[in-house]
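Read the structure below first, then the notes.
Remember, it's a predicted structure, so these values are computed and weren't measured experimentally.
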Amino acid sequence: MELLSVYGAEAEELRKRGGSGGEYGATTGRPRRMGWFDVPAARYGCRVQGATGIALTNLDVLGYLDEIPICVEYEIDGERTDEFPVTGRLESAKPVLASLPGWRCDISGARTMADLPREARSYVEFVEKALDVPVQYVSVGPERGQTILCG
């Protein structure tokens, strides 16, 4: 189940901005599902994999947004939790979204964290703090040279 799927015009805008050719299957050409960053799911994934660092990709794709939605909790049966639910409760989980300020500019030319607008750096810092795992790489475009080494 894709809890944070984005649909319609909003999804199409994100999809067309993603990667060098958009977010479409390389073989099938099918549009990929789009969604906002999901903190509880990512934190759970990091925990079960024993992750010691993450790569935050497609940061450049978000540069057109005034505000960037991010899932910070789920509501399940009227109660909020910041933990990823067990499979049996996943069906009834509803994402609780917060918004972070957007940066409203093209960041594809950034090569260091200092090159990023304050709002983009704040987004990366928010993700890092929420996951309790350091962000080691940030991509600002599809090319190899558009990956920022953090720290």
Side-chain angles (χ1 to χ4, degrees), residues 1-74 76 82-100 102-113 115-117 119-121 123-128 130-151:
M1 175 178 180
E2 186 78 18
L3 283 176
L4 296 179
S5 290
V6 178
Y7 300 98
E10 189 175 31
E12 191 53 40
E13 185 66 24
L14 276 170
R15 191 175 292 114
K16 80 175 186 181
R17 289 173 178 269
S20 57
E23 293 294 336
Y24 298 91
T27 303
T28 65
R30 286 193 322 241
R32 293 190 177 126
R33 282 178 283 183
M34 306 306 299
W36 305 119
F37 191 84
D38 184 332
V39 169
R43 186 185 312 116
Y44 175 76
C46 287
R47 195 177 299 146
V48 298
Q49 295 175 66
T52 57
I54 66 163
L56 189 58
T57 62
N58 294 328
L59 195 64
D60 56 305
V61 173
L62 304 176
Y64 73 100
L65 296 163
D66 291 323
E67 292 189 339
I68 302 169
I70 187 167
C71 177
V72 292
E73 296 179 309
Y74 299 115
I76 305 172
D82 66 354
E83 294 295 321
F84 190 72
V86 296
T87 304
R89 300 194 76 198
L90 191 56
E91 186 73 26
S92 60
K94 296 177 186 153
V96 176
L97 299 176
S99 290
L100 298 175
W103 42 93
R104 300 288 301 166
C105 65
D106 178 9
I107 61 170
S108 63
R111 295 299 177 263
T112 68
M113 289 299 287
D115 294 340
L116 293 174
E119 295 85 358
R121 289 191 312 269
Y123 182 89
V124 173
E125 291 164 5
F126 180 91
V127 168
E128 188 171 57
L131 299 184
D132 196 28
V133 175
V135 174
Q136 293 180 326
Y137 304 95
V138 173
S139 77
V140 294
E143 302 300 322
R144 182 175 295 203
Q146 291 177 297
T147 301
I148 297 170
L149 178 60
C150 304

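Classification of the F84-Y44 ring pair by plane angle, with boundaries at 30° and 60°, yields parallel.
Judged by distance alone, with hydrogens and angles left aside, the side-chain atoms of R43 form a donor-acceptor pair with the main-chain N or O of A130 at under 3.5 Å. In this structure a side-chain-to-backbone donor-acceptor pair under 3.5 Å is missing from S139 to T147. Without hydrogens or angle criteria, R17 side chain to D60 main chain gives no donor-acceptor distance under 3.5 Å.
The heavy-atom pair separating Y74 from V96 by the smallest distance is C-CG2, 4.0 Å. Listed here is the closest heavy atom pair of I107 and P117: CG2-CD, 3.5 Å. The shortest non-hydrogen separation linking P40 to D82 is CB-O, 3.5 Å. The two residues L62 and W103 make their nearest non-hydrogen contact at CB-CZ2, 3.8 Å.
Side-chain contact check for E128 versus P134: some heavy-atom pair is nearer than 4.5 Å. Taking 4.5 Å as the limit, some side-chain heavy atom of V140 sits within range of a side-chain heavy atom of L116. Within the 4.5 Å cutoff, side-chain heavy atoms of L90 are placed close to those of P85. Residues L131 and F37 meet the side-chain proximity criterion, which asks for heavy atoms closer than 4.5 Å.
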Test I148 against L59 for side chain to side chain contact (heavy atoms under 4.5 Å, CB included), laying out the working first. CA-CA 11 Å; I148 297 170; L59 195 64; over 6 Å; no

For a salt bridge (Lys or Arg N to Asp or Glu O under 4.0 Å) check, start with the C-alpha distance between E83 and R47, then their side-chain angles and the critical distance, and finish with the verdict. CA-CA 11 Å; E83 294 295 321; R47 195 177 299 146; 3.1 Å; yes

Going through the distances and angles, do L97 and S99 end up as a side chain to side chain contact (heavy atoms under 4.5 Å, CB included)? CA-CA 7 Å; L97 299 176; S99 290; over 6 Å; no

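Among Q146, R121, M113, the single residue meeting the side-chain contact (heavy atoms from CB on, under 4.5 Å) criterion with V138 is M113.
Atom-to-atom distance recorded for F126:CZ and L100:CG is 5.5 Å, nearest 0.5 angstrom.
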